Protein chains: 2
Amino acid sequence: MRARLSTRSSAPVRQSSVRAHNLALVLHTVANNADRPSRAAVAATTGLTRATVSALVDDLIAGGLLTEVGPAPRTGAGRPAVGLVLGDTPAALGLEINVDYLAACVVDLTGAVRQRFVERADQRPADPGQALTALGGLAARARAGAEADGLILAGAALAVPGLVTEDGLVRVAPNLGWQDVDAPALLRGAPALADLPIAVDNEANLAALGELRVTGGDPTFLYVSGEVGIGAGLVLGGELYRGVRGWSGEIGHLTVFPDGRLCRCGARGCLEQYAGQEALADDEQLAASALGIALAAVVNLLDVPVIVLGGAYAPVFERLRDGIGTELRQRVLTAGLAPAELRPAALGADAAMRGAADAIIRGVRDDPADWLRRAG
Amino acid sequence: MRARLSTRSSAPVRQSSVRAHNLALVLHTVANNADRPSRAAVAATTGLTRATVSALVDDLIAGGLLTEVGPAPRTGAGRPAVGLVLGDTPAALGLEINVDYLAACVVDLTGAVRQRFVERADQRPADPGQALTALGGLAARARAGAEADGLILAGAALAVPGLVTEDGLVRVAPNLGWQDVDAPALLRGAPALADLPIAVDNEANLAALGELRVTGGDPTFLYVSGEVGIGAGLVLGGELYRGVRGWSGEIGHLTVFPDGRLCRCGARGCLEQYAGQEALADDEQLAASALGIALAAVVNLLDVPVIVLGGAYAPVFERLRDGIGTELRQRVLTAGLAPAELRPAALGADAAMRGAADAIIRGVRDDPADWLRRAG
DNA sequence: CCAAATAATTCAACCAATAAACAAATCCAC
DNA sequence: GTGGATTTGTTTATTGGTTGAATTATTTGG
């Protein structure tokens with residue numbers, strides 16, 4: 001298979017882009033190979049020559065993204081290989097604000113959590129400035145701990161339960177009572193964050209990214225997060241799909257019973273009224289079949305082979321499975337050909353925060369050349 | 001903005017990939033610029049140097065993909081520019097089989113229809129072999145006409161109302177009564193098609209691609225085609241989204257009334273029962289609100305800003321608009337922030353056939369280097 | 001008729017990957 | 001143990017593709 005450069009991008013490509021791509025390719029290859037591959041092994045799996053791989057690896061080692069480790073146990077004749085593993089810098093700061101807690105963590109390049117702070121407190125009475133200042137405090141502690149470990153931070157990302165525009169503006173976060181909050185600007189007020197690039201995204205989107213990291217396998221799935229509301233993160237071909245304005249995944253307001261219960265959004269019969277946290281506590285079987293109807297819609301529309309249930313759904317997954325499955329079997333046209341797989345989320349309550357840090361790490365892994373340039 | 005090579009592709013990139021990308025970039029730039037740009041103008045808009053553009057243009061002219069035309073009317077001092085326009089080779093064969101007709105057309109590189117043949121006849125009694133042989137006959141006439149015009153064909157694509165796998169196998173086409181039909185193999189039986197690459201895809205998917213060409217603007221929209229069943233083609237960021245197994249877009253089986261009418265798929269309350277061709281003839285307002293409920297689900301889930309109604313919906317669009325719009329305003333969470341736009345399809349009954357030819361043309365435009373090599 | 005301006009081409013330099021030769025470090029066989 | 005086989009990693013010349021500057025070509029305007 002020939003390498004295709006993304007045709008849609010209307011920017012010219014030069015030799016440096018080739019190097020950027022191949023740097024990412026080598027980095028990914030090492031990251032996805034747990035048994036300390038040698039330069040030669042990387043060359044074999046990527047299709048690049050050993051000479052090229054050596055040159056690329058030199059750059060990555062110089063930037064701390066890769067590290068040489070002692071040779072693997074003897075394996076036969078020949079000069080012994082020197083193994084490669086992912087380095088730990090740069091790391092990233094993952095932040096989360098939700099109705100009843102604030103959280104911050106630092107995740108290193110390998111995906112390991114190196115710092116973790118959670119502060120339980122009802123955020124609804126606080127105004128956005130207060131809440132984000134408090135979060136800045138947590139972030140400062142996490143950063144200090146990370147830097148004591150010798151980690152350099154590449155950036156920070158914040159998970160918010162609401163609609164977020166591309167430049168990080170929180171349009172609405174109904175359960176926090178926020179409207180049009182410039183979260184990056186407020187966060188930059190904290191000295192510990194002033195010098196970092198700051199991204200903001202929807203909580204379910206980022207949780208989906210976190211899940212993608214740990215599932216490893218399937219690059220296409222829907223992550224559904226049952227909270228007070230219901231959010232969803234859609235991962236298509238290994239990429240988070242955010243929608244044109246970044247407002248995708250509002251599965252909580254899919255109509256399941258057109259003339260049913262009135263929802264706080266003004267419409268009738270929204271999924272949220274039948275499978276939100278309150279409704280779930282009230283009647284699990286109703287929640288399961290409502291979820292099944294909505295998920296069938298997603299599968300019919302997008303041919304998504306895997307659905308991951310997180311948030312409040314994860315602990316009761318086994319009791320929901322049958323009810324959801326029944327609706328899926330009945331309502332998905334292709335259920336007979338290849339049924340969609342249903343499974344509980346692997347990450348717990350930390351999913352969004354870890355996914356946030358992961359989004360930054362992903363950026364570095366996907367474009368190491370950019371990081372090498374920035375890090376000088 | 002720096003050019004990003006698609007990181008996901010796990011193939012190495014070499015200098016020839018750079019050239020392939022830049023050839024496509026130049027070709028697109030000329031295609032999207034109606035007023036005969038010069039090499040210098042192309043260089044300015046792409047960011048490549050004039051030297052590079054000249055070299056690339058030479059290759060494209062040699063392959064017939066671009067043509068030089070007389071200079072544009074005087075514009076000031078200086079050596080007059082020689083204009084560039086898209087050539088007409090290669091062209092592509094678009095084929096369609098549907099319940100009550102067969103159709104074939106030839107579309108040239110610019111998107112112009114150069115040949116068109118339609119044969120009305122009920123295809124349900126015919127077995128797949130007979131039907132595709134008849135279609136092969138139409139294709140032969142279209143090809144002969146095109147070649148008399150000096151056109152070279154790059155390939156053929158067939159639109160089918162059913163589920164199609166990646167390698168062109170028709171798994172099910174309920175309204176034709178087909179099951180597991182190897183359409184490419186049967187088509188290759190026709191001498192006029194034996195030497196062409198043949199693609200097969202779902203009718204709504206291809207119609208959506210056809211629509212993408214003519215709308216020009218929005219690269220993200222949902223195309224909904226009302227036929228006996230209801231199909232949808234989803235275009236995200238200028239690319240058709242086919243789903244993991246190629247079975248996306250089954251919007252006809254979204255549940256709108258969970259305890260409603262029994263559908264031939266076995267489930268209850270499918271959209272098809274309320275907004276399929278029969279139901280539409282029966283009660284337009286019911287069809288509109290059912291459609292509205294289903295489309296609201298799509299917008300909530302995917303944040304799609306534009307919905308195009310085609311097939312049987314196009315002629316009655318004005319009478320459906322209000323009913324659909326009411327549901328969308330009520331049921332889409334972000335309707336207040338930025339309502340989705342609703343519009344009728346620009347192409348008529350030919351949409352799928354033209355979209356099929358267009359899919360081939362798109363392939364050439366997106367990777368002209370491959371075509372130059374093949375035609376070489 | 002010459003200067004200014006714009007278009008397109010030519011040519012040396014550069015960058016990144018390749019292929020092939022080479023050096024290093026081990027195993028294995030005698 | 002000593003020499004050949006084997007595998008890793010580096011070095012070097014070559015190739016393909018873009019760049020930038022200089023050059024040539026062709027027009028308008030004074």
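Owing to the predicted nature of the structure, the values given are computational and were not obtained by experimental measurement. Here is the naming used below: chain letters follow the sequence lines, and residue numbers restart at 1 for every chain.
Within the 4.5 Å cutoff, the side chain of V85(A) has no heavy atoms near those of the T110(A) side chain. Counting heavy atoms from C-beta on, the side chains of L25(B) and L48(B) come closer than 4.5 Å.
To the nearest angstrom, C1' of dA16(C) lies 11 Å from CG of L23(A). Per the geometry, CZ belonging to R79(A) stands 18 Å off C1' belonging to dG4(D), to the nearest Å. Distance E68(B) CD to dA7(C) P: 15 Å, rounded to the nearest Å. Rounded to whole angstrom, the span from the CG atom of L372(A) across to the P atom of dA16(C) amounts to 13 Å. Atom P of nucleotide dT19(D) and atom CZ of R19(B) are separated by 11 Å, given to the nearest angstrom. One can place CG of D58(A) at 11 Å from P of dG9(D), the figure rounded to the nearest angstrom. Between the CD atom of Q15(B) and the P atom of dT18(C) there is a distance of 8 Å, given to the nearest Å. Atom CG of L56(B) and atom C1' of dT9(C) are 14 Å apart (whole Å).
Applying the 4.0 Å criterion to OP1 and OP2 of dT18(D), one finds that N22(B) has a side-chain N or O inside that range. A sub-4.0 Å separation between OP1 or OP2 of dG9(D) and a side-chain N or O of S38(A) is present. Checking the phosphate oxygens (OP1, OP2) of dT9(C), a side-chain nitrogen or oxygen of S54(B) falls inside 4.0 Å.
Mapped onto DNA chain D by nearest heavy atom, A55(A) and A77(A) fall at different nucleotides, with A77(A) at the one closer to the 5' end.
Nearest to the side chain of R14(B), among dT18(C), dA8(C), dA16(C), sits dT18(C). Distances were taken from every side-chain heavy atom of T52(B) (C-beta onward) to each of dA8(C), dT18(D), dT26(C); the shortest belongs to dT18(D). Side-chain proximity of A81(A) to the nucleotides dT11(D), dG9(D), dT26(D) is greatest for dG9(D). Taking every side-chain heavy atom of R39(A) into account, dG9(D) is the closest of dG17(D), dA19(C), dG9(D). For A51(B), counting side-chain heavy atoms from C-beta on, the closest listed nucleotide (dA16(C), dT18(D), dT10(C)) is dT10(C).
The residues R188(A) and D195(A) are annotated as not salt-bridged, no charged nitrogen and carboxylate oxygen being separated by less than 4.0 angstrom. Looking at D366(A) and R362(A), no side-chain N of the basic residue comes within less than 4.0 Å of a carboxylate O on the acidic one, giving no salt bridge.
With hydrogens and angles left out, the side chain of R50(A) and the base of dG9(D) share a donor-acceptor pair within 3.5 Å.
With sequence neighbours excluded, the residues forming a side chain to side chain contact (heavy atoms under 4.5 Å, CB included) with E68(B) are R39(B), I61(B), V82(B), L84(B), listed by chain and number.
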